[in-house]
Participant: 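Handing you a structure now.
For this chain, numbers begin at 1 and follow the sequence in order.
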Amino acid sequence: MAGGVSRPLFFGRFFMEGYEEFKKQILLLTNIDLSLYKEKQMRRRIDSLVVKHRLDNYPAFVKLLREDKAAFEEFINFLTINVSEFYRNPDQWKLLDEEYFPYLIGKFGKNLKVWSAACSTGDEPYSLVMALSKHVPLSNIRIIASDIDKQVLAQAKAGLYSEKSIKSVPDEFKKKYFKQIGSSYQISDEIKNRVDFREGNLLRDEYPSGCDMIVCRNVVIYFTDEAKLEIYKKFNRSLKSGGLLFIGSTEQIMEYKDLGYKRRSSFFYEKV
């Protein structure tokens, strides 16, 4: 800089400095370690939120989060990526229906233990219940669904969705399990009662054990490479031998053999 004077960068009115200390404060406040997320992407999201609150620095934002519950919940919701819909990428769900559910039922029986990790607003675990109901009675189905975000878990439990969210749901299930309320659609209690929603942080909390299948789609891409590897290792430990990991269309596991998986198809990996 001219004259050797260092000046802070600006984002709108916001000073772009002190991010390392901010990460430490957020870890203490929320138990979310921002160092495990891709910094450029995450920092851009956080900075835009700080500017929205018309604050000039990170310490002022941390103070707001400590004192304002609504701002705190907004921050958690803003950090998490909640792009979700029923039967997202229908071709993959067709493969699950025709090949992998029959495989899992043949290997582990009708009472499968399935975990929907980072389940967002519930579209995915509810889709799993409906898809699995073609193969076993609803009474046999129990899906564990976890997410870090309390707000989206509340939305998931409410089970109210837009027409766009349910566009890929098979017609037979739309008619059977959804009731139109105004311009929205309420999923039936028959489906809701088969899902156990719980709060969980993939980067910190203990994982369920003895899973026959884990579904975690289009989430891990937001983490650093080191965090991804650790998550895939922990998924592997959570699966039974022969169990399946179902990942998203934006993801791939390059080191899957080293991590203890066999690739069954583009987005399905078997624990070996």
Side-chain angles (χ1 to χ4, degrees), residues 77 80-90 92-97 100-101 104-105 108 110-162 164-170 172-174 176-179 184-202 205-220 231 235 238-240 243-249 251 267-268:
N77 187 55
T80 53
I81 313 299
N82 299 313
V83 179
S84 188
E85 62 187 48
F86 285 80
Y87 284 79
R88 188 176 182 182
N89 308 119
Q92 294 169 31
W93 286 87
K94 186 172 187 289
L95 192 60
L96 179 64
D97 175 49
Y100 294 121
F101 274 152
L104 289 169
I105 292 166
F108 299 117
K110 292 183 177 181
N111 296 303
L112 296 175
K113 184 173 183 179
V114 179
W115 174 26
S116 172
C119 67
S120 189
T121 51
D123 315 48
E124 179 178 274
Y126 290 145
S127 294
L128 286 166
V129 174
M130 289 186 286
L132 195 49
S133 72
K134 293 176 66 175
H135 302 270
V136 300
L138 277 174
S139 58
N140 288 87
I141 301 172
R142 199 76 201 164
I143 307 294
I144 300 167
S146 64
D147 201 278
I148 193 174
D149 189 336
K150 291 180 182 178
Q151 287 190 31
V152 298
L153 287 175
Q155 288 178 250
K157 291 174 184 177
L160 197 62
Y161 299 95
S162 68
K164 182 180 178 182
S165 292
I166 68 166
K167 68 176 189 232
S168 295
V169 175
E172 60 179 304
F173 292 147
K174 280 183 186 175
K176 190 173 184 180
Y177 295 125
F178 288 89
K179 178 182 178 182
S184 299
Y185 292 82
Q186 175 84 55
I187 197 164
S188 73
D189 287 343
E190 285 181 274
I191 301 300
K192 288 168 68 174
N193 291 339
R194 308 323 305 168
V195 181
D196 175 18
F197 288 104
R198 57 184 69 170
E199 192 176 349
N201 184 336
L202 288 176
D205 295 336
E206 186 175 346
Y207 286 18
S209 61
C211 295
D212 301 309
M213 183 169 75
I214 297 172
V215 183
C216 186
R217 309 180 67 222
N218 308 306
V219 174
V220 177
I231 288 170
F235 281 157
S238 292
L239 285 166
K240 293 177 185 174
L244 296 179
L245 173 62
F246 179 17
I247 66 172
S249 58
E251 300 161 333
F267 311 108
F268 291 87

Participant: So, the side chain of Arg217 versus the backbone of Arg88: is there a donor-acceptor pair under 3.5 Å, distance only?
Facilitator: yes
Participant: For the pair Ser133 (side chain) and Leu138 (backbone), establish whether a donor and an acceptor sit closer than 3.5 Å, ignoring hydrogens and angles.
Facilitator: no
Participant: Does the Lys110 side chain pair with the main chain of Ile105, one donor and one acceptor, at a distance under 3.5 Å?
Facilitator: no
Participant: Which atom names give the shortest non-hydrogen contact between Gly248 and Phe267, and what distance separates them?
Facilitator: O-CD2, 3.3 Å
Participant: Check the pair Leu128, Leu96 against side chain to side chain contact (heavy atoms under 4.5 Å, CB included), reporting the backbone distance first and the verdict last.
Facilitator: CA-CA 10 Å; Leu128 286 166; Leu96 179 64; 4.1 Å; yes
Participant: So which atom in Phe197 and which in Pro125 form the shortest heavy-atom distance, rounded to 0.1 Å?
Facilitator: CE2-CG, 4.0 Å
Participant: Looking at Ser120, is its backbone amide N or carbonyl O close enough to the side chain of Asp147 to form a donor-acceptor pair, meaning the two atoms are under 3.5 Å apart?
Facilitator: yes
Participant: What distance do Ser139 atom OG and Asn193 atom CG have between them, rounded to the nearest 0.5 Å?
Facilitator: 12.5 Å
Participant: Could you pull out the closest heavy-atom pair between Asp97 and Ala131, with the gap in Å?
Facilitator: OD1-O, 4.3 Å
Participant: What is the distance from atom OG of Ser238 to atom CD1 of Ile214, rounded to the nearest 0.5 Å?
Facilitator: 4.5 Å
Participant: Could you walk me through whether Tyr100 and Phe108 pass ring pair (Phe, Tyr, Trp, His ring centres under 6.0 Å), step by step?
Facilitator: CA-CA 12 Å; Tyr100 294 121; Phe108 299 117; over 10 Å; no
Participant: Locate the shortest heavy-atom distance separating Phe268 from Gln92; write the atom from each residue and the value.
Facilitator: CZ-O, 3.8 Å
Participant: May I ask you to decide if Val219's main-chain N or O and Glu251's side chain share a donor-acceptor pair within less than 3.5 Å?
Facilitator: yes
Participant: Does Lys113 use its side chain to pair, donor to acceptor, with the backbone of Ile144 at less than 3.5 Å?
Facilitator: no
Participant: Quick one: pull up CD1 in Ile231 and CG in Leu245 and give me the separation to the nearest 0.5 Å.
Facilitator: 11.0 Å
Participant: Indicate yes or no: at least one non-hydrogen side-chain atom of Val152 is less than 4.5 angstrom from one of Gln155.
Facilitator: yes
Participant: Assess whether side chain to side chain contact (heavy atoms under 4.5 Å, CB included) is satisfied between Val215 and Cys119, documenting all intermediate values.
Facilitator: CA-CA 9 Å; Val215 183; Cys119 67; over 6 Å; no
Participant: Give, for atom CD of Glu190 and atom NZ of Lys176, the distance between the pair rounded to the nearest 0.5 Å.
Facilitator: 7.0 Å
Participant: Kindly determine whether Leu104 and Leu244 satisfy side chain to side chain contact (heavy atoms under 4.5 Å, CB included), including the steps that lead there.
Facilitator: CA-CA 8 Å; Leu104 289 169; Leu244 296 179; 4.0 Å; yes
Participant: Would you indicate whether the side-chain heavy atoms of Leu112 and Met213 approach each other to under 4.5 Å?
Facilitator: no
Participant: Begin with the C-alpha distance, continue with both residues' side-chain angles, and end with the deciding distance and a verdict on side chain to side chain contact (heavy atoms under 4.5 Å, CB included) for Glu199 and Lys150.
Facilitator: CA-CA 7 Å; Glu199 192 176 349; Lys150 291 180 182 178; 3.3 Å; yes
Participant: Any side-chain heavy-atom pair from Ser127 and Phe173 closer than 4.5 angstrom?
Facilitator: no
Participant: Is the number of heavy atoms from other residues, nucleotides or ligands within 6.0 Å of CD (Glu172) greater than 12?
Facilitator: yes
Participant: Where the side chain of Gln186 meets the backbone of Ala158, is there a donor-acceptor pair that is under 3.5 Å apart?
Facilitator: yes
Participant: Name the one of Tyr185, Phe178, Trp93 that satisfies ring pair (Phe, Tyr, Trp, His ring centres under 6.0 Å) with Phe86?
Facilitator: Phe178
Participant: Any sub-3.5 Å donor-acceptor pair from Tyr207's side-chain atoms to Leu202's backbone N or O?
Facilitator: yes
Participant: Quick check against the 3.5 Å criterion: does Arg194 have a side-chain atom that pairs as donor or acceptor with the backbone of Val129?
Facilitator: no
Participant: Could you tell me whether a side-chain N or O of Tyr126 sits under 3.5 Å from a main-chain N or O of Thr121, the two making a donor and an acceptor?
Facilitator: no
Participant: Could you tell me which non-hydrogen atom of Glu124 sits nearest to which non-hydrogen atom of Ser116, and how far apart they are?
Facilitator: OE2-OG, 2.6 Å
